[in-house]
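The chains referred to below are lettered A, B, ... by the order of the sequence lines, with proteins before strands, and numbering in each begins at 1.
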Number of protein chains: 2
Amino acid sequence: MITVSIVEDDDDIRDSLALLIDATDGFSCVNTYRDCWSAVKGIDEQLTDVVLMDIGLPGMSGIEGIRRIKEKHPELDIIVLTVHENDEIVFEALCAGACGYLVKETPTARLLEAIREAHHGGAPMSTQIARMVVGSFQKKSEHLLTSRELEVLNQLCKGKSYKMIGESLFISEETVRRHLKSIYKKLEVHSKSEAVAKALKDKLV
Amino acid sequence: MITVSIVEDDDDIRDSLALLIDATDGFSCVNTYRDCWSAVKGIDEQLTDVVLMDIGLPGMSGIEGIRRIKEKHPELDIIVLTVHENDEIVFEALCAGACGYLVKETPTARLLEAIREAHHGGAPMSTQIARMVVGSFQKKSEHLLTSRELEVLNQLCKGKSYKMIGESLFISEETVRRHLKSIYKKLEVHSKSEAVAKALKDKLV
DNA sequence: TGAAAAATGACCCAATTGGGTCATTTACCA
DNA sequence: TGGTAAATGACCCAATTGGGTCATTTTTCA
């Protein structure tokens with residue numbers, strides 16, 4: 001028996017979800033919440049296996065709610081159930097600790113399967129979301145930097161000093177400085193740390 | 001009709017995969033390769049929709065092969081098909097440009113579905129892999145750093161100088177230095193760029 | 001083959017950083 | 001309620017960095 005909590009402000013949707021889950025063999029909807037505050041508090045006392053969570057809620061944002069719930073109960077699986085298929089929100093939700101992301105139009109059969117999947121260590125997502133997530137790993141191949149500059153930037157991201165980079169690449173420290181100047185200009189940054197931050201965030205290395 | 005290439009060094013597996021795909025309605029196995037070199041060259045001349053790729057190959061590593069193929073044909077979908085369910089390799093493959101990752105034991109029905117899914121903009125993965133991928137977004141909540149130190153580190157990752165961090169957090173530059181010293185000791189680093197690299201790689205911020 | 005791009009190296013100087021020591025106040029927990 | 005951790009601030013000094021200018025060689029490609 002998989003126990004489920006629902007966080008959803010729309011009364012109709014919340015009730016019909018609860019009804020569906022309770023009516024299905026192997027599932028039990030233990031409690032429902034209309035906002036994040038009560039969910040964070042309620043789940044503390046009445047823990048469930050899976051949480052279905054809307055994130056377009058009034059009051060505390062769903063993202064913050066996910067963060068707080070996962071903070072106290074890391075083993076719990078949270079599936080986001082929402083109308084937003086916006087890039088930013090998907091990644092924020094996953095970073096906050098959601099393990100799955102479905103749009104509300106998901107057919108009930110798939111929704112039940114997703115709950116099962118989440119509880120068994122999976123990460124239920126729509127195919128579009130999955131591609132977005134996987135795509136976020138791919139490097140941006142900016143032809144902006146030359147290959148030598150990329151090598152230097154790479155070393156920089158390992159925390160090396162000019163001197164050490166020079167030794168690694170068998171060039172003088174001065175040449176490292178030359179490359180760095182060029183890199184800074186192209187990336188529009190003014191310090192090592194900014195360059196490293198940009199390189200890692202934009203997956204240049 | 002979805003066209004498929006196969007890269008796989010084991011003759012038996014390669015042939016039976018090709019046979020399966022050709023025997024299925026809506027699929028056509030256009031060519032097969034026993035190593036990455038010939039695949040990179042061959043796919044140039046005979047482009048397909050999807051590539052099934054083993055990555056435990058002799059010669060050029062499958063990862064490098066993925067990188068080279070995607071470099072020339074970014075629109076092509078590469079599904080890794082392997083026995084390795086090793087963390088590192090999964091992420092390397094995805095970073096290199098693979099859109100899906102399946103283990104070789106995958107039932108044929110699921111494999112065909114995965115090819116279809118990849119071609120329609122999805123990212124076919126086993127449930128365990130999907131969770132690994134999603135899990136990689138979650139922050140490591142190291143209690144190592146104090147909350148104030150995390151704030152400072154956060155600013156540092158935006159490329160700010162001590163002076164600017166001090167202004168942002170309404171503390172003196174000297175106090176920023178104090179926190180940085182403590183952060184460096186805890187993270188075992190010795191420069192801003194190393195700290196930024198560690199913070200971003202380990203998702204501390 | 002000849003121009004453009006890339007890679008190499010040097011010098012100067014001000015600003016920033018890294019590491020050391022010392023000290024006070026606030027917050028929290030046992 | 002008393003000790004410990006956290007947060008704040010200061011000074012010193014050597015090393016590193018960032019930005020400027022200048023110049024040569026090698027590679028690449030039209």
Could Arg68(A) and Glu71(A) be called an ion pair, given the rule that one side-chain N must be under 4.0 Å from one carboxylate O? no
Would you name the heavy atoms of Glu149(B) and Ser182(B) that are closest together and state the gap between them? OE2-OG, 2.6 Å
Answer yes or no: is there an ion pair linking Arg131(A) with Asp77(B), defined by an N-O contact shorter than 4.0 Å? yes
Can you tell whether the side chains of Asp10(A) and Arg34(A) come within less than 4.0 Å, N to carboxylate O? no
Under the criterion salt bridge (charged side-chain N to carboxylate O under 4.0 Å, His left out), I'd like the reasoning laid out for Arg14(B) against Asp54(B): C-alpha separation, chi angles, the key distance, then a yes or no. CA-CA 10 Å; Arg14(B) 192 176 59 249; Asp54(B) 181 20; over 6 Å; no
When you measure from the side chain of Thr175(A) to the backbone N and O of Ile171(A), does any donor-acceptor pair fall under 3.5 Å? no
With the threshold set at 4.0 Å, does a side-chain nitrogen-carboxylate oxygen contact exist between Arg110(B) and Glu117(B)? yes
For Phe137(A), ring-ring contact (aromatic ring centres under 6.0 Å, His included) partners two or more places apart: Phe91(B)
Those residues that, when tested against Ser168(A), pass side-chain contact (heavy atoms from CB on, under 4.5 Å) (two or more places apart): Gln155(A), Lys160(A)
Residues passing the side-chain contact (heavy atoms from CB on, under 4.5 Å) test with Ser161(A), sequence neighbours excluded, are Lys163(A), Met164(A)
For Ser5(A), side-chain contact (heavy atoms from CB on, under 4.5 Å) partners two or more places apart: Tyr33(A), Ile43(A), Thr48(A), Val51(A)
Which residues in residues 156-168 of chain A have a heavy atom closer than 4.0 Å to any atom of DNA chain D? Ser161(A), Tyr162(A)
Is it true that Thr32(B) and Glu8(B) share a donor-acceptor pair across their side chains at a distance under 3.5 Å? no
Does any N or O in the side chain of Thr106(B) come within less than 3.5 Å of the main-chain N or O of Leu102(B), such that one atom is a donor and the other an acceptor? no
With a 4.0 Å cut-off, would you call Glu194(B) and Lys198(B) a salt bridge? no
I'd like to check the side-chain hydrogen bond (donor to acceptor under 3.5 Å, both in side chains) partners of Thr82(A); sequence neighbours left out, ordered by chain and number. none
Mind listing the N/O atom pairs, protein and nucleotides 25-30 of chain C, below 3.5 Å?
none

Using a cut-off of strictly less than 4.0 Å between a heavy atom of the residue and any atom of DNA chain C, enumerate the qualifying residues of residues 189-201 of chain A by number. none
Can you list, in residue-number order, the parts of residues 170-187 of chain A that come under 4.0 Å of DNA chain C, counting heavy atoms only? Ile171(A), Ser172(A), Glu174(A), Thr175(A), Arg177(A), Arg178(A), His179(A)
Applying side-chain contact (heavy atoms from CB on, under 4.5 Å), name anything that partners Asp87(B), two or more places apart in sequence or on another chain. Met132(B)
Rounding to the nearest 10°, end axes of the helix from dT1(C)-dA30(D) to dA30(C)-dT1(D) built from five pairs each make an angle of 70°
Chain B reaches DNA chain D, atoms under 4.0 Å from its heavy atoms, from dA6(D) to dC12(D)
Given 3.5 Å as the limit, does a donor-acceptor pair link the side chain of Arg116(B) with the main chain of Phe27(B), or not? no
